[in-house]
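Let me begin by presenting the structure, written as structure tokens, before commenting on it.
Worth knowing before you read on, the calculation uses all heavy atoms, side chains too, and leaves out hydrogens, waters and symmetry mates. Just so it is clear: chains get the letters A, B, ... in the order the sequence lines come, proteins before strands, and each one is counted from 1.
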2 protein chains.
Amino acid sequence: MSQDGIDLETSLGYLLKEASSGLRAAMETVLRPLGMSVTHYSCLELLAQRPGLSNSELARGAFVTRQSMNVLLQALERDGDVTRPAEARVGKVLPAQLTPRGRRSLEKATVAVRSVEVRMLGGMTQEEQSGAHRILQSMIHSLRNDGESGSR
Amino acid sequence: MSQDGIDLETSLGYLLKEASSGLRAAMETVLRPLGMSVTHYSCLELLAQRPGLSNSELARGAFVTRQSMNVLLQALERDGDVTRPAEARVGKVLPAQLTPRGRRSLEKATVAVRSVEVRMLGGMTQEEQSGAHRILQSMIHSLRNDGESGSR
DNA sequence: TGACTCATGTCAGTATTTTGACATACATTG
DNA sequence: CAATGTATGTCAAAATACTGACATGAGTCA
């Protein structure tokens, strides 16, 4: 016996999942009235900040496979929110761009998402927020290295 | 202009998603050799710590719908990892239990998952870990209240 | 007692995501 | 220059999760 499992109340992994799940749910709630999914929004936001990102780069930035991002991008192109050149200028990479229409739909979504983030951070001091920043980046970095072939 | 979007490098929401995605990927990597998915593992761990949990309670604990958990539970019952009474003693609730076989498969998974969590926490002081605990719970609590009908 | 609300287990259909695979283009290395 | 490795875009198939719906049982309240 002696505490065999991982205590879910204490486990930082579980808390991380719980917080992320709550954030996603809150984002879905505010984005749904705009007819937008979380991945949908993430894609537009990424393109606004880094115009010319390729499908694969967008996929990595939104934490989905490039196949999933591709079907989303095709829908966004069809709806006129995003443009991609018909053929690559170099390699196979097709740099995507936000259209004015895409920029407009992003604006409303950004406001909604920001309100969620503000609510999430409510009750945290500035110091706690920078602490959270540092801690999360530490977790990310630690997980990135040593994918599977750890020691030995 | 003037910083219209949400800076992804700085956004705690984005960092939270990145950390959670990294954790999930790392867990999938170590659980795959055991033929187990993350939800699969979560279900067994929940049952080990709180025997008699119902399907709906397990679903909430693993952050999936009760329908998804139900198909998983049926598979686990079929494989002999979990048992549920044929009919409810009270209401419709069917309390689930881990079988010795289920407990055994959980043991290996717990070791694997614990190694991931240890790696994630590597480089963090004890104080930082308790700080992370407090901060994550603050986020969870803030997101839980005011689901959608916030102010006005 | 009866009407109402809420939560549960479960079935069916839909939607979304991932896995697998392929051809192609560039970079590296000998 | 040829061979190899890596990365991309894309198609098809499989797995997974979700939405919608229904019947049932318990609790509440008048």
For this session: Go through A:Val113 and A:Leu31 one step at a time and tell me if the side chain to side chain contact (heavy atoms under 4.5 Å, CB included) criterion holds.
Result: CA-CA 8 Å; A:Val113 170; A:Leu31 288 175; 4.0 Å; yes
Problem set entry | Between C1' of D:dT8 and CG of A:Leu58, the distance in whole Å | 13 Å
Exercise. Is the shortest heavy-atom distance from the side chain of B:Ser138 to the side chain of A:Glu128 under 4.5 Å?
Worked result: no
Problem set entry | Atom-to-atom span, CE of B:Met36 to P of D:dT16 - whole angstrom | 14 Å
For this session: For residues A:Gln74 and A:Arg84, determine if any side-chain heavy atom of one lies less than 4.5 Å from a side-chain heavy atom of the other.
Result: yes
Exercise. For DNA chain C, which nucleotides open and close the run of contacts to chain A, 5' to 3', at under 4.0 angstrom from a non-hydrogen atom?
Worked result: C:dT17 to C:dC26
Exercise. Are OP1 or OP2 of D:dT16 and a side-chain N or O of B:Thr39 less than 4.0 angstrom apart?
Worked result: no
For this session: Specify the separation, in whole Å, of atom CE of A:Met69 and atom P of D:dA7.
Result: 19 Å
Exercise. Considering heavy-atom distances to DNA chain C, does B:Arg32 or B:Pro95 have its closest nucleotide positioned more toward the 5' end?
Worked result: B:Pro95
For this session: For B:Val71 and for B:Arg66, find the nucleotide of DNA chain D with the closest heavy atom, then tell me which residue's nucleotide is more 5'.
Result: B:Val71
For this session: Before giving the answer on side chain to side chain contact (heavy atoms under 4.5 Å, CB included), spell out for A:Val93 and A:Asn55 the whole-Å C-alpha distance, their side-chain angles and the decisive distance to 0.1 Å.
Result: CA-CA 8 Å; A:Val93 177; A:Asn55 173 43; over 6 Å; no
For this session: Report the nucleotide, chosen from D:dA26, D:dG9, D:dA21, that has the shortest atom-to-atom distance to any side-chain atom of B:Gln67.
Result: D:dA21
For this session: Looking at every strand, decide which applies to B:Ser37 at a 4.0 Å heavy-atom threshold: base, sugar-phosphate, or nothing.
Result: nothing
Exercise. Salt bridge between A:Arg144 and B:Glu18, side-chain N to carboxylate O under 4.0 Å?
Worked result: yes
For this session: Would you mind reporting whether B:Lys17 and A:Ser42 have side-chain heavy atoms less than 4.5 Å apart?
Result: yes
For this session: Give one of base, sugar-phosphate or nothing for A:Gln74, where a contact means two heavy atoms less than 4.0 Å apart.
Result: sugar-phosphate
Problem set entry | Along DNA chain C (nearest heavy atom to each residue), the more 5'-positioned of A:Arg89 and A:Ser68 | A:Ser68
Problem set entry | With B:Asp81, the salt bridge (charged side-chain N to carboxylate O under 4.0 Å, His left out) member among B:Arg103, B:Arg104, B:Arg101 | B:Arg101
For this session: May I ask you to evaluate whether A:Arg60 reaches the phosphate of D:dA7, defined as a side-chain N or O under 4.0 Å from OP1 or OP2?
Result: no
Exercise. In whole angstrom, what separates A:Arg24's CZ from D:dA17's C1'?
Worked result: 12 Å
Exercise. Which part of the nucleic acid does B:Glu28 contact within heavy-atom distance under 4.0 Å: base, sugar-phosphate only, or nothing?
Worked result: nothing
Seminar exercise, completed: Between NZ of A:Lys92 and P of D:dT6 the distance, given in whole Å, is 17 Å
Problem set entry | Nearest-angstrom distance from the residue atom CG of A:Asn55 to P of D:dT10 | 7 Å
